[in-house]
Asker: 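I'd like to ask you about the structure that follows.
Quick note: residue numbers are just sequence positions, from 1.
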Amino acid sequence: QVQLAESGGGSVQAGGSLRLSCAASGYRETNYFMAWFRQAPGKEREGVARLDIGGFATYYGDSVKGRFTISQDSAKDTVYLQMNSLKPEDTGMYYCAVSPWNYDFYSSSWWSPARYIHWGQGTQVTVSS
């Protein structure tokens, strides 16, 4: 059974930093994609960053590029999202998600939540002005 457990959320002031963690267990594939999404109240789930676990390639949404960094610790089966220079508009529930590997990592279709088959329960991030 695949389980994804997010942690590290909290409340910070604008300009602050947080590091989210996603611990994965039970997923037997060596190569796959892992992504972070976020969802603010009343808004659609938005892709933030994704990582090719086997190839280490990364890709970011325009709204977080240059501020967020996705990384992995293979020994711990954990993926991180380092979030710097946080803004109030970064507020939302942050989810990690897993998808089987595919050749088209840089396709915009990977921002669609429908392409991911396993999801965590989410961790709340609140940024105050």
Side-chain angles (χ1 to χ4, degrees):
Q1 182 179 359
V2 177
Q3 290 187 328
L4 302 175
E6 302 97 335
S7 61
S11 297
V12 296
Q13 290 190 329
S17 298
L18 284 172
R19 188 177 80 157
L20 306 183
S21 300
C22 175
S25 63
Y27 197 70
R28 300 184 181 278
E29 301 296 328
T30 301
N31 298 315
Y32 57 95
F33 297 164
M34 184 169 281
W36 285 96
F37 285 77
R38 66 186 180 190
Q39 189 166 21
K43 294 188 176 181
E44 293 186 352
R45 194 164 293 192
E46 173 193 18
V48 172
R50 63 180 184 264
L51 172 67
D52 178 343
I53 292 295
F56 295 89
T58 59
Y59 202 66
Y60 297 92
D62 290 339
S63 62
V64 306
K65 203 171 295 183
R67 300 188 297 123
F68 290 12
T69 303
I70 188 171
S71 62
Q72 63 177 321
D73 183 335
S74 299
K76 298 181 180 179
D77 289 329
T78 300
V79 170
Y80 303 98
L81 185 68
Q82 177 67 44
M83 306 186 296
N84 298 328
S85 302
L86 282 162
K87 304 175 181 180
E89 51 264 42
D90 294 319
T91 294
M93 187 70 78
Y94 282 69
Y95 302 89
C96 62
V98 164
S99 173
W101 186 89
N102 201 300
Y103 69 94
D104 60 344
F105 176 78
Y106 291 104
S107 167
S108 61
S109 66
W110 286 106
W111 291 133
S112 169
R115 296 204 70 173
Y116 295 82
I117 59 173
H118 300 292
W119 291 83
Q121 295 299 308
T123 185
Q124 177 68 35
V125 171
T126 303
V127 184
S128 58
S129 58

Asker: Taking a hydrophobic cluster as the set of Ile, Leu, Val, Met, Phe, Trp and Tyr residues connected by side-chain heavy atoms closer than 4.5 Å, whether directly or through intermediates, do Tyr27 and Leu51 fall within one such cluster?
Answerer: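 Looking at the clustering, Leu51 is in the same group as Tyr27.
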Asker: Is there a donor-acceptor pair closer than 3.5 Å between any side-chain N or O of Arg50 and the backbone N or O of Met34?
Answerer: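 Flag not set: sc Arg50 to bb Met34 has no pair under 3.5 Å.
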Asker: Give a yes or no on whether Trp101 and Ile53 share a hydrophobic cluster (residues Ile, Leu, Val, Met, Phe, Trp, Tyr; joining criterion: side-chain heavy atoms under 4.5 Å apart).
Answerer: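 Cluster IDs for Trp101 and Ile53 differ.
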Asker: For the residue pair Tyr59 and Tyr106, is the inter-centroid distance of their aromatic rings smaller than 6.0 Å?
Answerer: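 Yes, the ring centres sit under 6.0 Å apart.
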Asker: Between Asp90 and Lys87, does any side-chain N to carboxylate O distance fall below 4.0 Å?
Answerer: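 Result for this pair is no, no salt bridge flagged.
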Asker: In terms of hydrophobic clusters joined by side-chain contacts under 4.5 Å, are Ile70 and Tyr95 together?
Answerer: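 No, Ile70 does not connect to Tyr95 through the hydrophobic network.
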Asker: If only atom types and distance count, is the side chain of Thr78 paired as donor or acceptor with the main-chain N or O of Asp73 below 3.5 Å?
Answerer: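 Here the side-chain-to-backbone pair does not exist.
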Asker: Is a side-chain donor-acceptor pair under 3.5 Å present for Gln82 with Asn84?
Answerer: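 Yes.
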Asker: For the rings on Tyr116 and Phe33, is their centre-to-centre separation under 6.0 Å?
Answerer: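 No; Phe33 has its ring centre 6.0 Å or more from that of Tyr116.
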Asker: Any chance the side chains of Tyr94 and Arg38 put a donor and an acceptor closer than 3.5 Å?
Answerer: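 There is such a pair (donor and acceptor under 3.5 Å, judged by atom type) between the side chains of Tyr94 and Arg38.
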Asker: Any donor-acceptor pair under 3.5 Å linking the side chain of Glu6 with the backbone of Gln121?
Answerer: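 Checked: pair present.
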Asker: Sequence neighbours left out, what passes side-chain contact (heavy atoms from CB on, under 4.5 Å) with Ser109? Give chain and number order.
Answerer: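 So Ser109 forms a side-chain contact (heavy atoms from CB on, under 4.5 Å) with Asp104, Ser107, Arg115.
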Asker: Return the minimal non-hydrogen interatomic distance between Lys43 and Gln39, and the atom names on each side.
Answerer: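 Answer, listing the atom of Lys43 first, then Gln39: O-NE2, 3.1 Å.
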Asker: Does either side chain, that of Arg45 or that of Ser112, offer a donor lying less than 3.5 Å from an acceptor on the other one?
Answerer: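 Looking only at side-chain atoms, Ser112 and Arg45 do not form any donor-acceptor pair under 3.5 Å.
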Asker: Determine whether Phe37 and Trp119 satisfy the following criterion, ring-ring contact (aromatic ring centres under 6.0 Å, His included), listing intermediate values before the conclusion.
Answerer: CA-CA 10 Å; Phe37 285 77; Trp119 291 83; 5.0 Å; yes
